[in-house]
Q: 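Dropping a structure here in structure tokens format, bear with me for questions.
Just so it is clear, the structure is predicted and the values come from calculations on it, not from any experiment. Counting convention: from 1, in listed order, for ligands and their atoms alike.
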Amino acid sequence: MRLPAVDAVPPPSGDSLPDYTWARAAMVARLRAQGITHPKILAAMNTLAREQFIDEALRMRVYDDCSLPIGQGQTLSQPYIVARMTELLLSANNPVKRVLEIGTGSGYQSAVLAQCGCSVFTIERIEPFLAVAKLRHRALGLLNIRYLHRDGFNGWPSQAPFDGIIVTAAPASVPEELIAQLAPEGRLIVPIGAQGGAQRLTIITRTQAAFHCQQVDAVNFVPMLPGEQF
Ligand code: SAH
């Protein structure tokens, strides 16, 4: 008989609701083993109830090392990718306070950023995702998040500049509007590449006179799409 993965089965908690504390701690131990070191990120992911960000039917798998569907063909990234992108963002030279996220989706990535102490501005093109994410954040007491239903290719000019911008869907090339909204020394973390083709997590840093571009991990994100949906 094949046993399920250890971190997929929460032990009995004594009440009727599953207790995911143990699965969450196992996820954080795995993140450390995968090379994540930032204490704020590890603490945030150890605190946040990731199961609140996914359909009940999928909750048993929410701490597994995989991405999960959130509806409308979109996905919640695997824990490692959320941690990795947050770490790339927060390890900038300057303190990262104001952060723009493109692609609210389930609201988990914005919750991690807010739990790390950032003021989060999150944009989503599919309106119902935004409404649900807002409710989830309120339920968890996360109040330092602002929401915009808009095509994220335009960014959020009235709130710019941002110390960091994180894009959780993949454009084919770097969106110029977003680069323009970076503060000096600010960082844009974005998966670049066509869907189905090779995508690379890319770090663009605004320096005194120019921009510095660095490609890191191979990744697999849903495409960044133009326009808004209701
Ligand atoms: N950060 C999310 C990941 C969601 S998947 C989470 O933690 O769950 C990517 C999201 O990007 C989807 O919700 C998708 O609708 C959104 N998206 C894609 N293109 C976009 C665009 N141009 N502007 C805003 N959001 C976009």
Q: Using a 4.0 Å heavy-atom threshold (strictly under), name the region of V222 that reaches ligand 1: side chain, backbone, both or neither.
A: side chain

Q: K134 pairs by side-chain contact (heavy atoms from CB on, under 4.5 Å) with which of R138, H137, R136?
A: R138

Q: Heavy atoms only: which of Q109, E228, E124, M85 is nearest to atom 15 (O) of ligand 1?
A: E124

Q: Taking the six-membered ring of Y80, is the NZ or CZ of R30 close enough (under 6.0 Å from the centre) and on axis enough (within 45°)?
A: no

Q: Which bit of I126 gets closer than 4.0 Å to ligand 1, counting heavy atoms only: side chain, backbone, both or neither?
A: side chain

Q: Of all the non-hydrogen atoms in the protein, which one sits nearest to atom 4 (C) of ligand 1, and at what distance?
A: T75 O, 3.3 Å

Q: Should V82 be listed as contacting ligand 1, given a heavy-atom distance under 4.0 Å as the test?
A: no

Q: Are the charged groups of D217 and R84 less than 4.0 angstrom apart, N to O?
A: yes

Q: Is it the side chain, the backbone, both or neither of Q74 that has a heavy atom closer than 4.0 Å to ligand 1?
A: side chain

Q: Given R50, R125, R150, identify the one with the heavy atom nearest to atom 17 (N) of ligand 1.
A: R125

Q: Determine whether the side chain, the backbone, both or neither of F53 has a heavy atom under 4.0 Å from any heavy atom of ligand 1.
A: neither

Q: Specify the protein heavy atom at minimum distance from atom 22 (N) of ligand 1: its residue, its atom name, and the distance to 0.1 Å.
A: L225 O, 2.6 Å

Q: Just to confirm my output: which protein heavy-atom neighbour is closest to atom 11 (O) of ligand 1, and how far is it?
A: G103 CA, 3.2 Å

Q: Considering the heavy atoms of F129, write down every atom of ligand 1 situated less than 4.0 Å from one of them.
A: 13 (O)

Q: Taking non-hydrogen atoms only, is Q72 closer than 4.0 angstrom to ligand 1 via side chain, backbone, both or neither?
A: neither

